[in-house]
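The next block holds one structure in the form of structure tokens; read it before the comments.
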Amino acid sequence: MTIKAAPVRINSRESAEALIDRYDNFLFDCDGVIWLDEKAIPGVLRTIEYLNAKGKKYVFVTNNSSKSRQDYVSKFAKMGFKGITKDKVYPTCYAAVAALKDNYKIEPGAKVWVLGDSGIEQELIEEGYIPLGGTDERLNVAFNPNDEILKVDPEVKAVIVGSTKEFNYTRIASTLQYLLYNNKSIPFIGANIDRTYPGPEGLILPAGGSVVNYMHYTSSREFLNVGKPSTVFLDSILSHNGFDRSKTLMVGDTLYTDIKFGNDGLLGDGSGSLLVLSGGTKLPDLNHLIQNPHSFEDGESLIPSFFIESLATLTEWL
Ligand SMILES: C[C@H](OP(=O)(O)O)C(=O)O
Ligand SMILES: [Mg+2]
């Protein structure tokens, strides 16, 4: 077994320059790297503009499925980021819809049950699928076992579960009916495995992975995780963009999604993951991992190649 080297701290002009020179392409996580909820992390915009000036290529990869690619484009524009088009944004609502066709050969026109926000619904509609559940107002009611919404529509061909703040018993119970229907034969797609995300006011908040895992537990069913660290998701992003794997760096704030994504995907010839400390992972968490990698499942794959205070810090010396 190879022991991964301790991560290199980017803490000088030389190390920052060397890092930027080494990579042509950057994959940026969003929550905890670019923004905390609706607030951009100070200085991050300047780093993105610096990369633009250097002719670097980049895309954004988020496990937060609550917004569609078009909604993310608007969010970036509102925060002052220029030229972020739909093809630069990869939320897992997009990956979940792609999996319908790629993994399950479910053709457009099919009905899909959603436990999640409008991002999933919008991406489904864009590809010609018919979303059910999701933001349907009839789900915003107290549980009633005689409610029509608890009756399974036999035409539903898949279930997608992702991030939502609208997690009530009627939604869980109706989603469970689909997951159990017909000997558990309807495919179950999970849009993320994140336990938490770094929210506003320093709050750590429940993320979509908690919703997905609630449904996994209550249905006793496994799900297809389409988000980070899926190497299928990574491969499709690299191929859409023509990114050379060895010249690509993943930048993220979560070890078991972002850093594992870069490491398992062999980005940068095995040195293609940069942890930022501006989100959910703090220096003591990183030190704990480095000292006890074997107390984590697949701990070696969680160790980043590099770490830095924040994406803003990368250009502070330049
Ligand atoms: C944490 C995750 O978002 P990401 O960090 O992947 O943008 C999420 O909000 O579930
Ligand atoms: Mg994050």
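The shown structure was predicted, so the numbers you read here are calculated from the model rather than taken from an experiment. Counting starts at 1 for both ligands and their atoms, in listed order.
Between Asn63 and ligand 1, an N or O atom pair is found at a separation short of 3.5 Å. Remark: ligand 1 and Asp31 share an N or O pair separated by less than 3.5 Å (distance only, no angle test).
The protein heavy-atom contact nearest to atom 10 (O) of ligand 1 is Asn192 ND2, 2.9 Å. Shortest contact from atom 1 (C) of ligand 1 to any protein heavy atom: Asp194 OD2, 3.3 Å.
For residues 44-61, every residue pair satisfying the side-chain hydrogen bond (donor to acceptor under 3.5 Å, both in side chains) rule, not counting sequence neighbours, is listed here: Thr47-Thr315, Asn52-Tyr58.
Asn140 and Arg171 are linked by a side-chain donor-acceptor pair at a separation below 3.5 angstrom, with hydrogens and angles left out of the test.
Surrounding CD of Glu38 are more than 12 heavy atoms belonging to other residues, nucleotides or ligands, all under 6.0 Å away.
Only protein N, O or S atoms were scored, and 3 of them lie under 2.8 Å from the Mg ion (ligand 2).
Checking Asp29, Ile34, Thr92 against atom 6 (O) of ligand 1, the nearest heavy atom belongs to Asp29.
Between Glu17 and Ile20, every side-chain heavy-atom pair lies at or beyond the 4.5 Å cut-off. A 4.5 Å side-chain heavy-atom check between Pro304 and Leu255 finds at least one atom pair inside the cut-off.
Residue Ala207 has at least one heavy-atom neighbour below 4.0 Å for each of these atoms of ligand 1: 10 (O). Near Thr62, meaning under 4.0 Å from any of its heavy atoms, are these atoms of ligand 1: 3 (O), 4 (P), 6 (O), 7 (O). Short contacts between ligand 1 and Cys30, defined as distances under 4.0 Å to a heavy atom of the residue, involve ligand atoms 7 (O).
Assignment of Thr254 to the shell around ligand 1 is not supported, since no heavy atom sits closer than 4.0 Å.
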